[in-house]
Amino acid sequence: MKRYLLVAAFVVLGAALVAGQGKTIKVFFYSPELTDQYNEMAKEYQAETGNTLDITVNQPDYRTLLAAKFNSGDIPDVFMSSAYSDNVNYQDYVYDLTNEDFVKQLEPTALLGVTVNGHITGYPFLVQSHSFIYNKQVFADAGITTLPRTVGEYDAVARKLQAKGIQPFATGYKEWWVLPQTAWQVLAPIKDSFGGDYANFVDKLNSGALKFKDIKEMSTVFDVLDLIKKYGGPKPMESDFNDQCSLLATGKAGMIHQGNWAEDSILKTNPSAMIGFLPGPVGNSAAKAGIMFDSNQTIRIAKDGANRQAALDWLRWLTTSPYGKAWIPDKIKQMSPIIGAKAPAAQLAQATAGMLKAKVPSYPWYYQRFPAGTEQALGIILQGYCAGQTTREQTLDALDASYTKIMNASK
Amino acid sequence: MRKPRGAPAISLLMAVLALAYIYPLILVAINSLKTFAQIMENVMAFPSQLRWENFANAFTLMRYPNLFLNTLIVTCMGTAGVVLLASLAGFKLSRTKTRISWLIFLLCVAPMMIPFHSFMIALVKVAKTLHLTNSIWGLGVVYWGLGVPLSLFMYHGFAKTVPTELDDCAAIDGARPLRAFFQVTFPLLQPVTVSVIVINAMWMWNDFLLPLLILSGSKKSQTLQLAAYNFFGLYKIEWQNAMAGVLLTVMPAIIFYLILQRHIIKGMVAGAVKG
Amino acid sequence: MTPGRRRARRARWLEFLWMTAPAVIVILLFVEIPFVMSVTYSFTKWNGLNRAVRFIGLANYKELLTNDPSFVSAMIFTLLFAVLTVAAINVFALLLAVILDMKIRGKNVLRAAFYIPNIISLIVIGYVWRFIFSRGFDSLGSLTHLGIFQLSWLGDTHLTFVSVVLVSVWQSIGFYMVIYIAGLQTVPRELVEAAVIDGTRPVSRFFRVTLPLIMPSVTVAVFYSVSNALKTFDVIFSLTFGGPGTATTSIALDIYKTAFSDDRFGYGSAKSVILFLLILVVTVTQLNAFKRREVQA
């Protein structure tokens, strides 16, 4: 009898030891610029709960790699993606978070992008904004006191900067992704023509009832793209993200079109740079000029991950624990989707907060609703337009043809 | 061999050309000694101060000693396997002048025409089924399949430079075929072997995409290139570390190449026939 | 047939088998079987992610051949690119191999210098050359006031083609130089010296003695360079990403975009099959033509 008790004691002890070892959650993220923050958070989580987060970070080929993993059965418990159209792309693999308690702690506006038919398919990670970023010192030196809002005002500002020998814009046109974020911001008020609902607008595009060449506001989009190129220095098509950040940071350019994620590179180049956001021009209406503000980077839990419950526990911790709540504002220095989270000590985040307070229009990243793959395809077509390869009519036709092709392919 | 006329002039010209040719690498070297801010300001400028700490940082961040070993294992295993398999098969196929031999040869060479991206996802699936993923040994094995086609092609072509009389000599001596091959024929293929080693070792040492696909799940089994790539994000690139990291990964390969270059000995074939 | 001869035949057949089987097995396992799997995807509609894969027969091929202007322009670009690069690479690589095979000082270091671009990762090459073409040329332009440096080498639709060819050739020459150097080692010294004694001039000596003897190298090099040029992806991906617009998009890059950005994996696989067939036709033709000219030692 004593022997059996001893064995039982060992078994219980052994089980307790094993349980205490904690689970290992497989995480696959992008944004390698945040690797340090990811690792620090993982260390903190392990100290608090004993569970380990095994985080792999990769940016080049992230989507390809993720597809390879899913296909070979090597499913990560937690992964990352965009919001909106990616909700549908990954629908076979994501776990529905609708009934989890911690999603109630997230801003409803942030959840909009990941909700499909009432189901919450992902966890909004960062809230970001993009628009024209300007160098305050450069503007001050050039004597520009009122910030531009209309296309005409932007033209005047550009001319003033040019006269002072400063390159008004660093275009970023070499990167295909700068084109959509710049172009679609000009089109942002389009929802007003569709009952205030982007879903309605995109549905009409998807069904073919609406074509880009029918949208008269597209001419303003082209006007803005032309304007940036005209005042974009001697080699506008060669300007890439680094060019944008370095020229703006060193005061050699006055404005770039980018998002708050650029702040880190800008400040690392010139720690004393003072930057802010400008409301993006949408035509002649100053009141409708605004910023693009949304949560697009999304964390998703795999439905068939081996450690799904542990992964959910981690997300709960991220949303409710003191460290978790402060992680994004303090460590990542961007805006958090958690209700009541404090604003980060970052210039662009505070600029955004300031604009929102001043009731400057903030538009969601509605173009992420376009079918998957269109962002790059349409971006490249717009790039071709900027390079002078197509006329406006040809570009519109190309946009329509590409959109239709991709739309048909996804059915 | 006589020295060509005007040899010093040619030397000088080639030296200048070579310098201009590797200017991009010189740029990498210059920038690896600057700070992030300095690089962003002006890529072409020389560093005002030599920031050796970039190398120290890259070295630590990349877990250099570990990953150096990993990459070495993958490269050695992969290269050795390719040399072995390709030389045996390439030589034998070249000597066997039958229809089947030609067809098998085409089968072995066909992969050179297939773009990697078109089958890489299926390859990962196959590798996973064979339990070769997340392991540097498994990666080495996969490299055999990818490296043999070109190397086999080379051995197949160069087999012609080995006189057929030698095959018979070895056979008459009563040596077993494997021994015969490695003791007699293989040494005569040395120039090709050196080239095959160079080509495969350089490629495997510097390869990125295949290790990314096969090893991405494992933290412990990574290669140097994968670690170096972690410095390149979409929105931000840690330039100073990235440039240092690139040099740290490329230098061993360059040194290896320099050492190997000396082993190409001319005229071995002539010697063998005479003797 | 006598039993002895039968045994000998079997022994020869067995030897053939064990010498060639390992190579064949690894090639089948890691390239050809995955490729066949991909080919089966070309008959489906699949986005690379969904569990459900839908069989649609030849619809992808129909769309490809009738309604894909981007594929057509990618094909034109790739063929033009291939012709230029293959010619430039092989001529210069052979030239370099010959020069660096002569007795000149420091040839090992020189050979390494020309080979180095081939071993630097392509992401780095892309970034470095971008710096050179934009900022570097800016500095050179203001220093020398030569108009050539003020042109937009990576921004202008037509010039970008030249830039891409240039960088691609720069990156590849060293590799083919290695192959040609190996070939030159196999040229028996006596034959060359006999020609020297005969009084043949160097250039003529090269074309009549050396070149025929290194035909195996030429065959390998041309075959591989043609196939690589038609598959070209990495250099373009990192230098221009096929831009501006689609001006420098090669077939392989178009396939990559189709499969992984447009999320049309089945359609992308169909394009890969077409690319493979193109390469097959071109290279087998070339292979047959060259093999006939090789000379046995």
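Letters A, B, ... are given to chains in the order of the sequence lines, protein chains preceding strands, and every chain is numbered from 1.
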Proximity breakdown for [X] and chain B, heavy-atom pairs closer than 4.5 Å:
{"X": "C/L275", "answer": "side chain"}
{"X": "C/T283", "answer": "side chain"}
{"X": "C/I99", "answer": "side chain"}
{"X": "C/L100", "answer": "side chain"}
{"X": "C/A252", "answer": "neither"}
{"X": "C/I255", "answer": "neither"}
{"X": "C/L96", "answer": "side chain"}
{"X": "C/P22", "answer": "both"}

Chain C contact via [X] - side chain, backbone, both or neither, heavy atoms under 4.5 Å:
{"X": "B/L107", "answer": "both"}
{"X": "B/I254", "answer": "both"}
{"X": "B/Y143", "answer": "neither"}
{"X": "B/L84", "answer": "neither"}
{"X": "B/L209", "answer": "neither"}
{"X": "B/L19", "answer": "neither"}
{"X": "B/L27", "answer": "side chain"}
{"X": "B/I199", "answer": "both"}
{"X": "B/A110", "answer": "both"}
{"X": "B/V126", "answer": "side chain"}
{"X": "B/V246", "answer": "side chain"}
{"X": "B/V124", "answer": "neither"}

Considering all heavy atoms, the nearest [X]-[Y] contact:
{"X": "B/F158", "Y": "C/S217", "value": "CZ-OG, 3.4 Å"}
{"X": "B/F119", "Y": "C/S38", "value": "CA-OG, 3.4 Å"}
{"X": "C/V31", "Y": "B/I114", "value": "CG1-CD1, 4.1 Å"}
{"X": "B/M113", "Y": "C/F276", "value": "O-CD1, 3.9 Å"}

Report yes if the distance between the aromatic ring centroids of B/W239 and C/F131 is under 6.0 Å, otherwise no.
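Between C/F131 and B/W239, which both carry aromatic rings, the centre distance is below 6.0 Å.
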